[in-house]
Amino acid sequence: MAGRISIVVASLILEGLKKSAPDVLAARAVDVNEVLAAGEEGAPLEPYRRILRDVHVSAGGAAILRAGESLRGLAHPLLFVLLNSDAPRILIEKEARLAAFFHSRHRVVIDEESPNALLLRHVSDHGAPEATDSLASCGQHIVLLEEIGCRPLRLRLPASDDPDRLVYDAGRFEEPASGATSTWRFEWGAFEPTRKPMAGLDAILLGSAPERALDDEPGPAARVEAVVRRDLGRTWKLAEVAEALGTSSRSLQRTLGAAGLKYSELLDRIRNEEAARLLSDSDLSITEIGYVCGFADTAHFSRSFKKRHAKTPSAFRGAR
């Protein structure tokens with residue numbers, strides 16, 4: 001999607017800029033309206049970037065970082081998936097999958113990882129991101145990492161002209177130094193996973209846990225399903241499920257095989273069953289459903305769903 005940006009991302013940034021740089025947004029009302037008038041195909045990138053450039057000149061880089069605060073307290077199915085992450089790495093992996101769903105040219109990669117730090121890099125498939133693009137994305141990552149449990153959180157921009165400057169320190173923003181803004185070093189004192197309930201979404205997205213009698217001994221499929229459904233928006237490699245069940249990958253494969261099951265097919269069934277439920281019982285968009293159910297992208301969702309249900313997601317919904 002050359003020259004466009006996800007309308008979800010753009011609208012969240014603009015909402016934050018209304019508070020951190022209101023005068024600039026008022027002066028750029030025509031550009032703001034052009035961006036917000038876009039549909040699911042994405043917002044035009046150039047008017048969005050003009051706004052960010054003006055904010056950078058008039059109000060500074062810290063104002064762009066603060067725009068990420070618009071994420072706090074927001075109830076949205078995509079955020080539901082991101083904020084219910086048991087580790088910073090899982091958050092970044094989910095975010096990469098979200099970029100694929102929206103055909104984003106930009107993504108964030110992990111360069112280094114330790115128990116209390118991440119070195120992240122903002123990259124683009126079409127040249128280097130603009131400095132303001134990176135600052136806007138970085139500001140959102142401040143909120144995402146804090147909300148999943150990384151506190152107290154600190155941020156440095158190690159490729160800038162002052163790599164040791166703390167541009168964020170547990171709620172306090174400082175103006176970034178000049179220079180590159182696409183590399184971010186986040187550090188935190190402790191990580192305590194925090195599930196984020198969202199009014200109106202918990203009942204929809206957590207309403208399908210399979211029921212069984214209390215005296216039933218769950219089989220291997222049920223045990224895998226119980227783990228996967230705790231966070232269906234996660235990729236869930238076999239080794240991760242095995243670890244959660246206190247066993248090895250090899251043992252889990254043998255156990256599933258003895259029951260005539262393959263892990264990949266079981267995971268596919270679980271995701272498609274949940275997708276069918278949400279297509280029937282919710283007003284979430286097809287893109288949102290594909291993402292919250294853990295599919296790799298919209299094409300994967302459509303192929304997998306049609307193979308199992310003999311209809312595309314849109315046709316299935318239209319027949320309800």
Side-chain angles (χ1 to χ4, degrees), residues 1 4-16 18 32-33 35-43 70-85 91 94-104 140 143-144 147-148 195-211 225 228-236 267-320:
M1 190 188 297
R4 305 193 80 81
I5 182 174
S6 162
I7 185 59
V8 175
V9 173
S11 60
L12 287 172
I13 293 295
L14 293 181
E15 186 64 30
K18 287 179 183 179
V32 171
N33 291 337
V35 171
L36 295 181
E40 283 194 9
E41 75 279 2
S70 63
L71 295 180
R72 295 195 195 274
L74 185 66
H76 192 283
L78 305 181
L79 276 176
F80 183 96
V81 174
L82 294 174
L83 295 184
N84 289 288
S85 296
L91 168 67
K94 289 178 177 179
E95 188 185 42
R97 191 167 56 81
L98 183 60
F101 261 85
F102 285 100
H103 308 286
S104 174
Q140 292 185 323
V143 177
L144 291 171
E147 292 293 289
I148 68 168
R195 208 194 78 76
K196 294 293 178 183
M198 292 186 180
L201 285 177
D202 277 31
I204 295 172
L205 297 176
L206 299 177
S208 64
E211 296 182 1
E225 185 165 0
V228 169
R229 283 190 179 273
R230 294 205 306 253
D231 186 358
L232 198 57
R234 182 172 168 179
T235 302
W236 285 116
L267 188 60
D268 183 74
R269 175 181 66 76
I270 295 168
R271 296 197 192 284
N272 276 291
E273 285 179 354
E274 179 64 358
R277 184 185 74 85
L278 291 174
L279 286 166
S280 297
D281 299 343
S282 82
D283 293 324
L284 299 182
S285 73
I286 290 174
T287 298
E288 289 169 345
I289 290 171
Y291 180 69
V292 302
C293 290
F295 292 96
D297 53 36
T298 50
H300 174 223
F301 177 31
S302 183
R303 287 194 307 270
S304 177
F305 193 87
K306 186 175 182 179
K307 181 178 179 181
R308 187 166 292 272
H309 294 281
K311 293 179 181 179
T312 64
S314 57
F316 184 91
R317 170 166 272 178
R320 66 179 178 176

**Report entry** Test item: Ser85 side-chain N/O and Leu82 main-chain N/O as donor-acceptor pair under 3.5 Å
**Finding:** yes
Query raised in the report: Minimum heavy-atom separation for Leu284 to Pro77, with atom names?
Result: CD2-CG, 3.8 Å
Query raised in the report: With a 4.5 Å limit on heavy-atom distance, are the side chains of Leu144 and Glu95 in contact?
Result: yes
Query raised in the report: Does the pair Thr312 and Phe305 meet the rule for a side-chain contact (heavy atoms from CB on, under 4.5 Å), with working shown?
Result: CA-CA 6 Å; Thr312 64; Phe305 193 87; 6.0 Å; no
Requested in this report: Would you indicate whether the side-chain heavy atoms of Arg317 and Ile289 approach each other to under 4.5 Å?
Outcome: yes
Report task. Classify the side-chain pair Thr287/Ser285 by whether it contains a donor and acceptor separated by less than 3.5 Å. Result -> no
Query - Distance in Å, Leu79 CG paired with Arg72 CZ, rounded so as to fall on 0.5 Å steps - result: 12.0 Å
Query raised in the report: Has the side chain of Ser304 got a donor or acceptor atom that lies under 3.5 Å from a matching backbone atom of Phe301?
Result: no
Report task. May I ask you to decide if Gly233's main-chain N or O and Arg97's side chain share a donor-acceptor pair within less than 3.5 Å? Result -> yes
Requested in this report: Starting at NE2 of His76, measure out to CG of Leu83 and round the result to the nearest 0.5 Å.
Outcome: 12.0 Å
Query raised in the report: Of all heavy-atom pairs between Cys293 and Leu278, which one has the smallest distance, and what is that distance?
Result: SG-CD1, 3.9 Å
Query raised in the report: Looking at side-chain heavy atoms only, is the closest gap between His103 and Arg4 below 4.5 Å?
Result: no
**Report entry** Distance-minimising heavy-atom pair for Thr298 and Phe101
**Finding:** CG2-CD2, 3.6 Å
Query - Nearest atoms (heavy-atom pairs only) where Val9 meets Ile5 - result: CG1-CD1, 4.2 Å
Report task. Carefully, step by step, assess Lys94 and Asp231 under the rule side-chain contact (heavy atoms from CB on, under 4.5 Å). Result -> CA-CA 11 Å; Lys94 289 178 177 179; Asp231 186 358; 2.7 Å; yes
Query raised in the report: Looking only at heavy atoms, what is the nearest atom pair of Ala43 and Ile7, with distance?
Result: CB-CD1, 4.0 Å
**Report entry** Arg277 bridged to Glu273 by N-O distance under 4.0 Å
**Finding:** no
Query - Over all atoms of both residues, closest heavy-atom pair of Ile13 and Gln140 - result: CD1-NE2, 3.5 Å
Requested in this report: List the steps, then state whether side-chain contact (heavy atoms from CB on, under 4.5 Å) holds for Leu78 with Tyr291.
Outcome: CA-CA 7 Å; Leu78 305 181; Tyr291 180 69; 3.5 Å; yes
Query - Derivation of the side-chain contact (heavy atoms from CB on, under 4.5 Å) call for Arg308 and Arg271 - result: CA-CA 11 Å; Arg308 187 166 292 272; Arg271 296 197 192 284; over 6 Å; no
Query raised in the report: Where the side chain of Ser280 meets the backbone of Ala276, is there a donor-acceptor pair that is under 3.5 Å apart?
Result: yes
Query raised in the report: Who pairs with His300 by ring-ring contact (aromatic ring centres under 6.0 Å, His included), at least two apart in sequence or on another chain?
Result: Phe295
